[in-house]
Number of protein chains: 2
Amino acid sequence: MDYTAGLDAALNRLHEEGRYRTFIDIERRNGAFPHAVWTRPDGTEQDITVWCGNDYLGMGQHPVVLAAMHEALDATGAGSGGTRNISGTTVYHKRLEAELADLHGKEAALLFTSAYIANDATLSTLPKLFPGLIIYSDELNHASMIEGIRRNGGAKRIFRHNDLDHLRELLQADDPAAPKLIAFESIYSMDGDFGPIEAFCDLADEFGALTYIDEVHAVGMYGPRGAGVAERDRLMHRIDMINGTLAKAYGVMGGYVAASAKMCDAIRSYAPGFIFTTSLPPAVAAGAAASVRHLKTDQGLRDQQQTQARILKLRLKGMGLPIIDHGSHIVPVIVGDPVHTKQLSDMLLDGYGIYVQPINFPTVPRGTERLRFTPSPVHGPDEMDRLVNAMDALWSHCALNRAELSA
Amino acid sequence: MDYTAGLDAALNRLHEEGRYRTFIDIERRNGAFPHAVWTRPDGTEQDITVWCGNDYLGMGQHPVVLAAMHEALDATGAGSGGTRNISGTTVYHKRLEAELADLHGKEAALLFTSAYIANDATLSTLPKLFPGLIIYSDELNHASMIEGIRRNGGAKRIFRHNDLDHLRELLQADDPAAPKLIAFESIYSMDGDFGPIEAFCDLADEFGALTYIDEVHAVGMYGPRGAGVAERDRLMHRIDMINGTLAKAYGVMGGYVAASAKMCDAIRSYAPGFIFTTSLPPAVAAGAAASVRHLKTDQGLRDQQQTQARILKLRLKGMGLPIIDHGSHIVPVIVGDPVHTKQLSDMLLDGYGIYVQPINFPTVPRGTERLRFTPSPVHGPDEMDRLVNAMDALWSHCALNRAELSA
């Protein structure tokens, strides 16, 4: 058996399709976000501006977050030293869980090492708790939800993206007595569109289903206390399980599920992905708690982010660039071809010091390859001018299509 | 559908079997390991000694680790701000991967947020790279390996623990042309026994199989540079994929796989659990790299740990306690009943300030419930005296069996 040939074949498929990923080695400068230093493969360095990060509000350099992390490091050391059950539960973890439960108006919250594993572990454990559970899942749900839903071979129904009629059809076709769960996102991160949360909740009520929302690209950024879109729309109490991350707008690391005390207790007790993994370092938990707490009141940062996103969309639209605008903070510019997308990204980085990673399949469907910009409160007017001018120049240089200006 | 009743039923099963887990809330004191403060549910505090942590060498309080973390926090902020592909690769991640590749004498290493997800993501991705792959898995492999092997429904064969004849039988029964992988651990953490690494490698050679080893409870602690049991036994070059953790002996957080450059490249490119998750915080990567680097030369810490483990086993054995001793650093004392194990643990904590978590099903098989001690260089003679005396007193008090002293 020639295993090397197998690896070559797998890697060649990616090269041939132009979607082999090259990681860009960067180091952001604390206090100077979104500026960073790019280390090229040959070791030389260049100052760049990061335009594709998910530290949406710049909290990764916020003094309250960094102070909390330094303090916890000094007080209790580096790692937690164990799983949550075996010596790895600390006051920092408990405080963060309390902070998150309060944020979402739920009885409890459960920390995971990432929102990926929170989705995967929770959704794969629910069929153990509710035998016969059918999960209704939006076709564009994140990979982590798909993995969790598929993992144990439980019953699943995939409904067309945001299609309430299709979801209703599927619900109607199943045994009314079967336990059910509707799983969806509040903001789909690649298009930046919103899920119809209220209508999902109505359907859940009608068919006796639980609701599960992924607010990973919304927590910290939407709602008066940053609890997400469900909070903004006053629907949080109608959602049974809320999944969120501490690694994007909160600027640190980790993920969680907020739900009833019994639900969290059951997941905690039955999910291998929770039970058998070392808990977050106390310093990470401390930093995340400080960030969550801070963003419960700092509406200014949220407003600035929305303003920056509106301005960038307006300017790119004004130049006729094919952007997707659903009114969220995410600004995708469709290129539609993996090779062109990679070339544009390379030219922006090499020629302009602007870093925006090409987004290819499987992260987005083939044919919708894109550049995805994430404007934030730390991107000032100068950075935005440079980005808009560079995009304008490259679009002309590459003779790419522009939309009708009236569109 | 009454979902609350479902949760009640699931939780009651645990209570009835005496294996409902209660997390103990502790905060270790940096500079004073293994001492910690236990916060009781009523909010009162007590000084305790941690005897069940997996920070096996006390690296979580080592100045080189903490300095590296403080420094990275100051330089680059809290989180990485993205997945590895989208703005989340930093010099810290690259340096750590280089450090790990060097440690294991492999061309490359790939970081994950935990060794759990490293096992799960890698083992579930391999069948995509080698269609028709059959995975031969030791029956006592860690939950994360089991989850990874089961995830995509690929072919698997479970062989009896460490049973080479059984493994040979299974290998012989399959198509000689089929791609194969033998997956095992170097140290099984609950009994502390070793896998027959060389014999597994011989079988792999004979049957043209790849080898995959989990060295999670060995890295940092075995081998002249701390690369694990395979290094100690001069077998590292015969292992195709080495899984390790940065959260136990290295005292921080995260996991990895070390392998050939092509293998790492393929896993990196195809594993959803790698692609779709925020990378480790740079400060965590910096701390872990400092720890790995330090332990490449600090043989003294490794020797101290082995000495402490030998002394503890000798003393507990001398009192006739039913310990398992396979010559590793792990000291399990079998109680054999979940309720008694929990009671002993509670009495040690309440009465003696000694924290050792009860280990119950599903972490260990039913009927082998145990207390599992992890002596380390930071446990001094006084701490050991207190532990041994407490165990002696409780064993008498509870009229538990002692082994024949000659056993």
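To find a chain, count down the sequence lines: A is the first, B the second, and so on, and within it residues start at 1.
Only the side chain of B:K94 comes within contact range of chain A, with heavy atoms under 4.5 Å apart. Neither the backbone nor the side chain of A:D2 has a heavy atom closer than 4.5 Å to any heavy atom of chain B. At a 4.5 Å heavy-atom cutoff, the contact between A:K248 and chain B is made by side-chain atoms alone. For B:H62, no part lies under 4.5 angstrom from a heavy atom of chain A. For chain A, the nearby part of B:A177 is the backbone; its heavy atoms alone come within less than 4.5 Å. For B:Y20, the part sitting under 4.5 Å from any heavy atom of chain A is the side chain, from C-beta outward, and nothing else. With a 4.5 angstrom heavy-atom cutoff, A:S291 does not touch chain B via any of its atoms. In this structure, chain A has heavy atoms under 4.5 Å from both the backbone and the side chain of B:F276. Interface residue B:K180: backbone and side-chain heavy atoms are both found under 4.5 Å from chain A. Residue contact with chain B, scored on non-hydrogen atoms closer than 4.5 Å, involves the side chain of A:Y92 exclusively. Only the backbone of A:T22 has a heavy atom closer than 4.5 Å to any heavy atom of chain B. Neither the backbone nor the side chain of A:L246 comes within less than 4.5 Å of any heavy atom in chain B. Heavy-atom distances place the side chain of A:D120, and not its backbone, under 4.5 Å from chain B. Residue B:S80 touches chain A through its backbone alone, counting heavy-atom pairs closer than 4.5 Å. For A:I275, the part sitting under 4.5 Å from any heavy atom of chain B is the side chain, from C-beta outward, and nothing else.
A side-chain donor-acceptor contact under 3.5 Å links B:R268 to the backbone of A:R21. In terms of modelled atom types and a separation under 3.5 Å, the side chain of A:T76 and the main chain of B:R28 share a donor-acceptor contact. Judged purely by atom type and a 3.5 angstrom limit, A:Y270 uses its side chain to pair as donor or acceptor with the backbone of B:A10. For the pair B:D25 (side chain) and A:V91 (backbone), a donor-acceptor distance under 3.5 Å is present.
Using a 4.5 Å cut-off between non-hydrogen atoms, the part of residues 30-39 of chain A that approaches chain B consists of A:N30, A:F33, A:T39. The interface of residues 280-287 of chain B with chain A, defined by heavy-atom distances below 4.5 Å, comprises B:L280, B:P281, B:V284.
Among all heavy-atom pairs drawn from B:P272 and A:E147, the shortest one is CG-OE2, 3.6 Å. Scanning all heavy atoms of the two residues, the minimum distance from B:T277 to A:Y116 falls at OG1-CB, 3.6 Å. Across every non-hydrogen atom of A:V252 and B:A78, the tightest pair is CG2-CB, 4.3 Å.
The distance from the CD1 atom of B:I24 to the OG1 atom of A:T90 is 13.0 Å, given to the nearest 0.5 Å. For the atom pair OG of A:S87 and CG of B:D55, the computed distance is 8.5 Å after rounding to the nearest 0.5 Å. Rounding to the nearest 0.5 Å places CG of B:D265 at 4.5 Å from CG of A:L11. Distance check: A:T4 OG1 to B:K262 NZ gives 6.0 Å after rounding to the nearest 0.5 Å.
Of the N and O atoms on the side chains of B:D240 and A:Y3, not one donor lies less than 3.5 Å from an acceptor on the other residue. With 3.5 Å as the limit, one finds a donor-acceptor pair spanning the side chains of A:H70 and B:D74.
Side-chain contact between A:M253 and B:T113: present, with at least one pair of heavy atoms (C-beta onward) separated by less than 4.5 Å.
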Given B:I359 and A:I86, is the side chain to side chain contact (heavy atoms under 4.5 Å, CB included) satisfied, shown in steps? CA-CA 8 Å; B:I359 314 270; A:I86 306 178; 3.4 Å; yes
Report the C-alpha separation of B:I26 and A:T89 in whole Å, then their side-chain angles, then the decisive distance to 0.1 Å, and conclude whether the side chain to side chain contact (heavy atoms under 4.5 Å, CB included) test is met. CA-CA 6 Å; B:I26 63 166; A:T89 292; over 6 Å; no
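The aromatic rings of B:F274 and A:F23 sit parallel to each other, their planes meeting at less than 30°, with 60° as the upper class boundary.
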